[in-house]
Amino acid sequence: MIRALKPYQYVVDGVLALLFALLFWQPSVMQDATPVWPVLIVLYAIAVGLRRVSPGLALGIAWIGAILQMVGDILPNLHNGAILLVLFTTAAYGTRLVRWLGLASVGVGAATAALYLVLKGMALGGSGTLLGWTGLPELLLQFGLTFAAMLAVLGLPWLAGLLLMAVLRNREASRARRAAEETVVVEQERNRIARDMHDVVAHSLAVVIAQADGARYVRQTDPDAVDTALTAISSTAREALADVRVLLGQLRHSQGDAPQPGLGDLDRLVDQLRAAGLTIDAAEHGDPGPLSTAHQLAVYRITQEALTNALRHGDLAEPVRLTLTWHVDSVELEVQNACQGTQHAAETRLGHGLAGMRERATLVGGRLTAGAIDGRFRVNAEIPFTQTAQMALPTPAQPPGPTQPAVPA
């Protein structure tokens, strides 16, 4: 198995392999070394360089090096640290098969090394046999103690790699869980918008039907009323069509019976949150412009979520600033509140509505940013006017339409 690494990881592993080779390729070491020594160092250096790219291949090369070391009658030393690095990576980055092969290598390697050292009479730093014991029971005891020591030396890196693998998998699971939570939150928000849109479309169709029926009944007695009815039908149908074009292709249809909130409901919303203990300084700048029902709903829902989050996570000792600024072709909403010590982390969690607010703004062609700046958490949204909404504005020859209510000061 070949693993894809980041560019800097290739560089780090390559440099580490080169340093390993240079460390044991010194003239003082090479002068007294056996002919097998250069080949052994090259094999271990290759294993170090490939340990993360291909843990299985590195394990095989390390085994070849270990066998060559015993054949060349080279005793264990610092250069065997390459084996420990390879065992670590087999558990941390290897596949299931490579991981179990690494564990098997720990056991087989410990037994092989213990047998080799006993036969060479070098176990546990002794000279000849351990404590001068020459009988079979003493030799078996010597083998057992040496095997246990080698098992610990080889097994600890493998266990450390297994621990790292568990940490990495837990991190991946956390990322997957957060992605799933985001999907659920966005889907729930879309379903809620679908319920809102159902009311918009139902209301628009009811107006169209009522105007059409009324015009049909009075066309003989009051022809001018037909033109008024057709104008109302045209304006209502254009606004409903704009709403459908924005949302129909993106949302699931879901029925709902709740009334449709708009800018006129901001006063009531602010009063409710003030009664709940939130101090709100509200202000409005500029002349109100034309907003369709869907766009008014987006402004209302974003304001509702931002103020609710300020109540839950903000510093209630400081007032919340709610500002509505009307521009030539858009309306800008800003909500600021003083942060609690953990509000930045709390607000950025998907469960606190940021994904829903962004979805609201995006679906009507707007934008939304949120974050903590200088100890205050700021939500800023810009919702554009629609061409349909501008066309629906009454002309001087028409009856005046409803005025946009102001945000409470």
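Predicted model, so just to flag it, every value in this text is computed and none were measured.
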Quick check: closest heavy atoms across [X] and [Y], and the distance to 0.1 Å?
X	Y	result
Cys339	Arg376	SG-C, 3.5 Å
His295	Val364	NE2-O, 3.3 Å
Leu87	Leu154	CD1-O, 3.6 Å
Trp37	Phe24	NE1-O, 3.1 Å
Ile2	Ser54	CD1-CB, 3.8 Å

Could you tell me if [Y] and [X] have a donor-acceptor pair between their side chains, going purely by distance under 3.5 Å?
X	Y	result
Tyr116	Asp73	yes
Asn337	Arg321	no
Ser330	Glu382	yes
Gln69	Asn80	yes

Here's a test for you: under side chain to side chain donor-acceptor pair (under 3.5 Å), which of Glu284, His285, Glu332 qualifies with Trp326? Glu284

Salt bridge flag under 4.0 Å for residues Asp271 and Arg268: no

Atom CG of Asn77 with >12 non-hydrogen neighbours under 6.0 angstrom: yes

Would you say the side chain of Val71 lies within less than 4.5 Å of the side chain of Val36, judging by non-hydrogen atoms? no

